[in-house]
Amino acid sequence: MPLFKRKPFDLAKPPEDLEPSELVYQVRFTKEIFRDYQYPKLKEYLNRINLYRQRVWMCKSTGKSNLTYEEAMVMEKNAIQKVQQLPNDLVAPALRMLSLRDLADLVTKKLQKDLFVGAELYGKKDDGLYPCRVLKIVENGVGKMQYEVALLGENKKITENAILHGEDLVWKKTPFNRKILKSFIRESTCRSIPWVLHEKLAQKHGISTDLPEELRSKFFLQGGQLVNRTKKRKNENRNNVGEANGESGKSKRNKGETGKPDASKEENNQPEDEPVKYPIDDLLVKPGPDDPLFTDRPSPSRDFNVPMDCIGDLLMVWDFCSSFSRVLNLWPFSLEDFENAICHKDSNLVLIVETHSALLRILIKDDGEYSLALQNKKRKSKISLITWTEYVCDFLEMINVTELCSCMTTIKRGHYGLLDANAKLGILRELVCHALETDLIRGKLDDLIEQRRALGATVRGEALEYARKKREEKEQLKGESNGLVVKENSMESTGSNPHMAENGEENGDMVEEVISSRPSNAFVNRKQLNGQSKKGEKQKLDPKVEAENITNSNEKEAQKQLTGEKKEDQQKKSKEKREQRKEYFKREMEKRSIRTNPLGKDRDYNRYWWFRRDGRIFVESSDSKQWGYYCAKEEVDALMSSLNPKGERERALQQQLEKFYPRISLELQKRSKDLAQKIALEEAVLRRSTRVRAPPRENPANAFLKYVNKWKED
């Protein structure tokens with residue numbers, strides 16, 4: 001069994017008084033049974049499942065950790081199967097050595113020398129190496145073992161017998177390796193340091209379980225288990241100290257409180273429920289006090305014209321014809337028109353004829369089985385409004401489906417419109433399935449895949465280029481800031497005083513006065529007056545310099561603001577461009593969609609489909625027998641509000657609905673407007689005055705009757 005924190009883990013026992021008809025929860029891989037998924041004990045189903053899913057388990061056989069319970073159990077099972085490949089004749093010698101010392105390498109070397117009857121290896125004879133099989137072990141009394149072997153020829157036939165020494169026999173490939181042997185050791189023992197064999201296994205192979213002399217001073221057997229003497233002595237001392245402390249603490253408490261139970265112990269004895277980590281399986285989610293207010297899920301509309309069991313085929317055929325309309329040379333049509341055309345009783349309806357003809361032309365161009373069948377019947381490759389039913393009958397003869405072949409007589413009589421919707425959609429379904437296998441459609445799919453890959457590579461390239469530019473800008477800004485710091489530091493070190501030059505000139509005058517011989521007093525006075533006048537002039541110039549500095553700093557700040565605004569504008573424009581590019585790539589990817597996948601599933605495994613060419617959200621039951629749809633934005637909002645994100649399936653469905661919500665709501669709003677116009681037109685037709693002889697307006701429900709294939713091949 002897998003180990004939990006390197007220790008054995010006991011499985012939960014089944015509940016008592018379990019009735020045969022009682023519904024229970026069972027863990028699939030451990031077969032544990034629980035009455036309720038949230039039992040008020042630690043051993044309840046939900047907490048146990050969450051514990052098994054955590055990567056805290058370890059495989060007992062291989063020693064690999066960081067696994068889930070199921071992964072560890074599968075790995076242990078595979079390891080046991082590999083261990084069983086060890087020959088039975090080598091099990092007992094391995095266990096005898098194993099009970100003495102933990103040396104897998106020594107065991108391996110020793111077992112390579114222990115040969116047994118039936119072992120197939122290679123023997124040295126006449127300076128050659130020949131395959132052989134051990135027949136008998138011969139003891140010569142000297143201490144060396146000899147073996148009677150049979151030399152094998154082709155197809156392992158015995159050519160001759162010979163007696164060889166153990167040194168002359170060589171394993172070309174041993175029946176075990178160190179990895180298998182380590183797994184065998186872990187599987188055969190119940191503890192390590194020292195290794196202790198399982199009692200039943202030791203009795204089976206006749207191995208003594210008595211302690212060796214060198215271990216009796218450190219260990220002893222108690223109740224079939226090996227106990228360390230020193231550890232037991234320490235535990236006893238610790239327990240004695242703890243009991244003494246506990247008695248003193250109790251006496252102190254009893255002085256203040258008498259007759260009151262210890263509430264803290266009762267609380268500690270009660271197991272605390274582990275918090276549930278969401279999302280979990282939807283069927284296990286129960287309402288909680290912190291849940292938001294979920295709305296009732298709206299019931300989908302089911303007013304289809306075709307039978308309920310045909311909706312899947314209807315959507316599949318329509319989606320294929322819409323997706324590959326260019327390849328089929330078939331002008332797209334709406335789902336409502338296609339549904340009305342299927343239910344119509346006219347045998348030569350243009351929409352139905354063009355759909356069949358487009359699919360049949362794909363099969364003819366493929367030069368496959370259908371094309372050969374037409375050549376044998378000497379049919380023309382051109383399909384017309386008169387002969388299309390003959391090509392349909394040839395196709396039905398080729399596929400030989402019993403349910404559809406029964407319709408051939410009705411089609412040949414020219415009464416295709418009298419077939420039921422099941423038969424019509426069954427024929428179209430088979431045509432689509434065969435068209436998907438043609439080289440033309442497969443080539444188109446390959447092109448779409450390559451185009452999607454190229455678009456993905458372009459998106460990744462632009463993202464990498466943008467990241468590179470961002471890094472360069474950051475490095476440039478960092479360099480500029482470092483340069484400014486260096487410049488400021490140099491200014492401070494060389495002289496932050498703006499009057500440094502004036503002080504220099506004054507010092508020079510003073511030096512000249514000291515060095516020169518003392519002139520007359522008049523000359524000295526004149527010098528002092530000149531120096532004072534120069535100081536006055538410089539002091540008068542200081543306000544002008546300060547004003548110039550202020551104007552320069554203002555200009556620099558204005559320039560910085562302008563550059564900052566320019567940068568912001570550039571960043572906004574670049575961001576808008578990136579968003580436009582993202583939208584462009586999304587649209588291009590959607591144009592090259594290969595297949596339509598469901599948005600997701602709800603709690604009850606109902607699938608939700610959204611076709612971007614129709615706008616509605618279709619709901620398929622888990623057994624595919626019931627269908628419905630949502631056609632209003634309010635219904636989609638109510639659906640999203642009813643999903644519980646604590647469940648795995650409903651959380652994924654909610655995320656997909658939020659992702660496509662803008663487009664879904666836009667399509668549904670357009671559909672609602674078109675439906676309102678359609679109703680208004682129908683009412684206008686009904687209310688038309690008899691006194692006005694203007695021609696009646698066309699009913700939009702009959703738009704499929706005027707379908708024209710604008711992409712038809714000549």
Side-chain angles (χ1 to χ4, degrees), residues 4-5 9-19 21-57 68-70 263-300 598-608 617 619-622 628 630 633-661 664-665:
F4 178 65
K5 296 181 179 179
F9 184 79
D10 296 330
L11 299 179
K13 294 181 180 180
E16 297 179 358
D17 303 330
L18 194 65
E19 298 180 0
S21 60
E22 187 176 353
L23 296 176
V24 295
Y25 289 86
Q26 185 182 41
V27 181
R28 174 174 50 83
F29 39 85
T30 61
K31 308 302 179 185
E32 294 174 288
I33 295 174
F34 301 90
R35 272 201 170 95
D36 195 6
Y37 90 105
Q38 198 169 2
Y39 200 65
K41 292 184 179 180
L42 273 178
K43 295 180 180 179
E44 45 95 9
Y45 177 76
L46 189 57
N47 288 346
R48 187 58 67 98
I49 283 289
N50 290 333
L51 179 61
Y52 288 152
R53 288 176 178 173
Q54 294 177 13
R55 294 192 172 275
V56 294
W57 300 91
T68 63
Y69 188 92
E70 192 171 7
S264 62
K265 282 191 174 182
E266 290 182 2
E267 290 177 359
N268 293 332
N269 290 333
Q270 289 181 359
E272 296 180 358
D273 291 340
E274 295 181 2
V276 181
K277 294 183 178 179
Y278 295 105
I280 59 174
D281 188 82
D282 297 71
L283 297 177
L284 300 177
V285 177
K286 296 292 182 180
D290 57 339
D291 289 344
L293 183 62
F294 297 110
T295 60
D296 295 332
R297 190 161 301 174
S299 58
L599 293 172
K601 300 177 183 178
D602 63 6
R603 173 189 173 92
D604 301 320
Y605 294 93
N606 297 319
R607 286 179 287 272
Y608 290 77
I617 292 179
V619 186
E620 179 188 7
S621 63
S622 57
Y630 297 118
K633 181 177 176 293
E634 293 76 16
E635 292 177 336
V636 177
D637 294 339
L639 170 65
M640 293 175 66
S641 301
S642 67
L643 298 175
N644 193 340
K646 289 184 177 180
E648 295 172 345
R649 293 185 293 277
E650 293 199 351
R651 172 176 283 195
L653 176 60
Q654 192 177 48
Q655 289 174 353
Q656 287 296 104
L657 285 170
E658 289 174 355
K659 179 181 177 181
F660 295 103
Y661 180 76
I664 292 174
S665 58

With sequence neighbours excluded, tell me which residues meet salt bridge (charged side-chain N to carboxylate O under 4.0 Å, His left out) with [X].
X    : value
E635 : none
K633 : D637
D604 : none
R603 : none

Practice problem: Walk me through it: do I280 and N50 pass the test side chain to side chain contact (heavy atoms under 4.5 Å, CB included)? | Solution: CA-CA 9 Å; I280 59 174; N50 290 333; 4.3 Å; yes

Quiz item: Got more than 12 heavy atoms from elsewhere within 6.0 Å of CG, L23?
Solution: no

Quiz item: Is atom CD of E658 surrounded by more than 12 heavy atoms (other residues, nucleotides or ligands) closer than 6.0 Å?
Solution: yes

List in chain and number order the residues that pass side-chain contact (heavy atoms from CB on, under 4.5 Å) with [X], two or more places apart in sequence or in another chain; answer none if no residue qualifies.
X    : result
K646 : Y278, V285, D290, D291, N644
R297 : D602, Y608, Y630, L639, S642, L643, E650
Q26  : K31, I33

Quiz item: In terms of ring plane angle, is the pair W57 and Y69 parallel, tilted or perpendicular, where the classes change at 30° and 60°?
Solution: perpendicular

Quiz item: Angle class for the Y25/Y45 ring planes (parallel below 30°, perpendicular above 60°, tilted otherwise)?
Solution: tilted

Practice problem: Please determine if D281 and R649 form a salt bridge, counting it only when a charged side-chain N lies under 4.0 Å from a carboxylate O. | Solution: yes

Exercise. Evaluate the side-chain proximity of I617 to L657: yes if any heavy-atom separation is below 4.5 Å, no if none is.
Key: yes

Quiz item: Given side chains that start at C-beta, do those of F4 and V56 come closer than 4.5 Å, heavy atoms only?
Solution: yes

[X] side, atom [atom1]; [Y] side, atom [atom2] - distance, nearest 0.5 Å:
X    : Y    : atom1 : atom2 : answer
Q655 : L599 : CD    : CG    : 12.5 Å
Q54  : I49  : CD    : CD1   : 12.0 Å
E620 : N606 : CD    : CG    : 9.0 Å
K659 : I664 : NZ    : CD1   : 11.0 Å

Practice problem: Evaluate the criterion side chain to side chain contact (heavy atoms under 4.5 Å, CB included) for residue pair N47 and F34; output intermediate values, then yes/no. | Solution: CA-CA 11 Å; N47 288 346; F34 301 90; over 6 Å; no

Quiz prompt | Residues forming a ring pair (Phe, Tyr, Trp, His ring centres under 6.0 Å) with Y661, sequence neighbours excluded | solution = none

Test side-chain hydrogen bond (donor to acceptor under 3.5 Å, both in side chains) applied to [X] - qualifying residues, sequence neighbours left out:
X    : value
E22  : R35
Y52  : E32, R48
S641 : none
R53  : none

Quiz item: So which heavy atom on R607 is nearest to which on S621, and how close?
Solution: NH2-O, 3.8 Å

